Each structure stands twice: as structure tokens, then as C-alpha cells.
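No experiment lies behind these values; they were computed from the predicted model shown. Side chains included, hydrogens not; waters and symmetry mates left out as well; all remaining heavy atoms used. Both ligands and their constituent atoms are indexed starting at 1 by order of listing.
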Amino acid sequence: MTSFTISPLTDRTGAEVVGLDFTEPIDPQTRTTLNRAFAEHHVLVMRDQHFTPEQFKQAAQVFGELQQHDKKEHHVPGHPDVYYVSNDEIVNGRRIIPGETFHTDHSNHPRPPKATMLFAVELPSAGGDTQYVNVHDAYDDLPVETKQRIDGLKVVHVYLSKYSPRPLGAISEESRRDVPAPGIHPLVRTHPENGRKALFLNPVRMESIVGMEDEEALALIDELMRHATQKKYEYRHKWRYGDWVIWDNRSVMHQANPDYDMSERRYLYRLMLRGEVPV
Ligand code: SIN
């Protein structure tokens with residue numbers, strides 16, 4: 001077995017993996033160790049990787065099966081199933097920074113992706129960190145009365161909520177046709193591998209809570225978002241070249257930071273992995 005280390009990056013969220021080259025085959029024992037570490041730490045940072053788009057796609061499958069993105073047109077030229085995020089897109093005079101507020105990826109899907117990953121290709125000279133907050137810990141810390149109030153609630157997640165705090169980038173007609181019907185998901189879900197409960201939140205896509213007036217639903221979502229995004233739940237990733245970061249959408253929310261010089265490019269390959277129906 002190859003020698004490598006997995007070291008926590010904070011007390012509760014994030015771990016760094018050093019000493020593996022994911023362009024080489026990963027043996028079954030290492031694969032098991034990595035997947036266990038992923039369920040425990042929720043965000044893994046694999047250092048010193050060097051990927052072509054195809055190598056990235058191969059490496060991703062150490063953690064699961066690939067899931068296509070809604071915006072199929074946002075793919076790396078010549079690689080239809082390797083996507084990217086960048087700061088290049090301007091819509092109606094406004095620069096779109098994908099993932100600029102805390103959210104959970106593609107939560108509008110009936111089976112939302114269990115994981116998302118980025119590989120740094122071009123980085124600004126300063127800033128552009130990604131923040132992750134641990135939604136297991138956030139749930140655990142809620143008062144008992146709040147847990148009783150929210151356990152069992154169902155939420156309707158659409159492609160873009162009329163209450164979204166930000167717009168999404170343009171989507172082609174062809175991609176829009178393939179967007180699935182809204183997902184109706186529990187507000188509190190249980191992670192199938194680590195067994196922990198978690199808040200399942202995404203203000204970009206949450207349109208309503210079943211059986212609740214919108215005003216009350218928005219106030220509840222706002223209260224839960226304020227609670228879950230406290231610094232004590234955070235791991236903040238400062239990108240370095242060579243970083244491949246994978247996060248568990250069942251355990252963390254995340255956001256991108258638009259705090260850098262926009263004349264510099266930020267461009268990362270992005271892939272997602274299939275998930276299950278949230279319960
Ligand atoms: C995303 O929300 O997937 C993008 C995060 C980032 O660019 O840091």
C-alpha cells in the first residue's frame with residue numbers, strides 16, 4: 001500500500017491528504033481509507049495533484065459515480081463531461097460568481113449529488129477562498145424545541161427560487177429542458193454513511209416549505225441559515241496550485257468568495273458525484 005497521510009484541517013471539518021498521486025491507480029484498501037475519511041471529515045483536500053481533464057475524471061471515481069451538471073454548456077472545451085467554474089461570465093452587466101452565497105449543490109434534483117469537487121487550474125494572486133460550514137454540527141447544536149419544530153418538515157427545491165439571494169448564470173434552452181422536476185426533500189436529513197443528522201438548506205433553490213405560509217418559511221430558513229453559517233462551523237479553504245478539493249453535500253454547505261481582483265482569472269475544473277434520495 002502507498003504511504004500517505006490524512007491530517008485534520010480543523011477540529012470538526014476538513015482533512016488534508018498528502019502523498020498520493022491520483023494519476024496512478026489507487027488500490028482498494030487506500031480507496032476504502034479515503035472514503036471513510038471523507039464520511040468523517042466531510043471535506044478532503046488532496047495536495048500536489050496534476051490533472052488533465054480526463055485524469056481528473058478518472059480520479060473523481062475513487063469516490064463514486066459521476067453526475068452531469070444542469071448547465072451542460074459549461075464544460076471544458078473538448079471534454080463534454082468535465083465542467084468548470086470561472087469568474088468570466090457577465091449576464092445583464094453583472095458578473096456571475098458561481099456559488100457566491102452559501103448553498104448545497106443541485107438540491108433541486110430528486111437525488112442530489114452526494115459530492116462536488118474542484119481542481120485549481122487558474123487562481124487569483126490573493127483571495128477567492130471557498131468556505132465550508134458543517135451542517136451536522138449546526139443541527140446538533142440547535143435547541144430541542146427547534147429540532148422538534150423542523151424534524152419532519154419537507155421543502156420544495158426548484159432550479160431557481162423566486163426568493164434566491166442571487167441570480168444563476170445563463171442556462172441554454174437545451175439544458176433547461178433536461179432540468180428535473182422540483183425535488184421535495186426533508187429539512188433535516190440523515191447521512192447514509194456516518195449516520196448523523198444534518199440541516200439540508202439552500203436558499204438559492206428552496207421555494208417553499210410544505211404546509212407553511214411563505215413568510216413563516218422564509219423566516220425559518222433565515223434563522224437556520226444564520227445559525228448554520230457561524231464561523232465556529234467553518235473550514236475556509238485557501239486555494240493552492242495542485243489542490244483537488246472534494247466536499248460532501250450531505251454534510252456541508254459552501255460558498256465562493258468574490259473578494260479578489262476581477263481582472264485576474266479564477267478557473268477550476270468541477271465534477272459532481274451521484275447521490276441518493278435524501279431521507
Ligand atoms: C461552487 O459553488 O461549486 C463553486 C465554489 C467555488 O468556486 O469556490
Using a 4.0 Å cutoff against the non-hydrogen atoms of [X], which atoms of ligand 1 qualify?
{"X": "Arg270", "result": "1 (C), 3 (O)"}
{"X": "Ala256", "result": "5 (C), 6 (C), 7 (O), 8 (O)"}
{"X": "Gly99", "result": "2 (O)"}
{"X": "Thr130", "result": "6 (C), 8 (O)"}

Between Tyr132 and Gln255, is there a side-chain donor-acceptor contact under 3.5 Å, judged purely by atom types and distance? no
Just by distance, with hydrogens left out, do Arg166 and Thr101 show a side-chain donor and acceptor under 3.5 Å apart?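 Result is yes, a qualifying pair exists.
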Min N/O separation Trp239 to ligand 1 under 3.5 Å: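 N/O-N/O distance under 3.5 Å: no.
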For ligand 1, is there an N or O atom under 3.5 Å from any N or O atom of His103?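 Yes, there is a polar N/O contact under 3.5 Å.
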Give a yes/no on ligand 1: does [X] have at least one heavy atom closer than 4.0 angstrom to it?
{"X": "Val85", "answer": "yes"}
{"X": "Asp129", "answer": "no"}
{"X": "His237", "answer": "no"}

Ligand 1-proximal atoms of Leu268, by part, heavy-atom distance under 4.0 Å: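 For Leu268, no heavy atom sits under 4.0 Å from ligand 1.
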Please state which part of Arg266 comes within less than 4.0 Å of ligand 1, counting heavy atoms only: side chain, backbone, both or neither. side chain
In terms of residue, atom name and distance, what is the protein heavy atom nearest to atom 4 (C) of ligand 1?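 Ranked first by proximity to atom 4 (C) of ligand 1 is Pro98 O, 3.8 Å.
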Heavy atoms only: which of His254, Met253, His106, Met272 is nearest to atom 2 (O) of ligand 1?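 Nearest heavy atom to atom 2 (O) of ligand 1 lies in His254.
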Would you mind telling me which of His237, Lys231, Gln230 makes a side chain to side chain donor-acceptor pair (under 3.5 Å) with Glu234?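 Considering His237, Lys231, Gln230, a side chain to side chain donor-acceptor pair (under 3.5 Å) with Glu234 is found only for Lys231.
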Hey, can you tell me if His254 and Trp247 have their rings parallel, tilted or perpendicular (30° and 60° cut-offs)? tilted
Do Gln67 and Lys114 come within less than 4.5 Å of each other through their side chains, counting heavy atoms only?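 Gln67 does not reach Lys114 side chain to side chain.
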Using a strict cut-off of less than 4.0 Å between a Lys/Arg side-chain nitrogen and an Asp/Glu carboxylate oxygen, indicate whether Lys147 and Asp140 qualify as a salt bridge. no
Tell me whether Arg266 is salt-bridged to Glu122, with the criterion being a basic N under 4.0 Å from an acidic carboxylate O.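 Salt bridge flag = no for Glu122 with Arg266.
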Can you list the residues that meet the side chain to side chain contact (heavy atoms under 4.5 Å, CB included) rule with His79, with sequence neighbours excluded?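 Checked His79 against side chain to side chain contact (heavy atoms under 4.5 Å, CB included); matches are Pro53, Glu54, Val76, Val82.
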For Arg36, does the CZ atom sit with more than 12 other heavy atoms under 6.0 Å from it, leaving out its own atoms? no
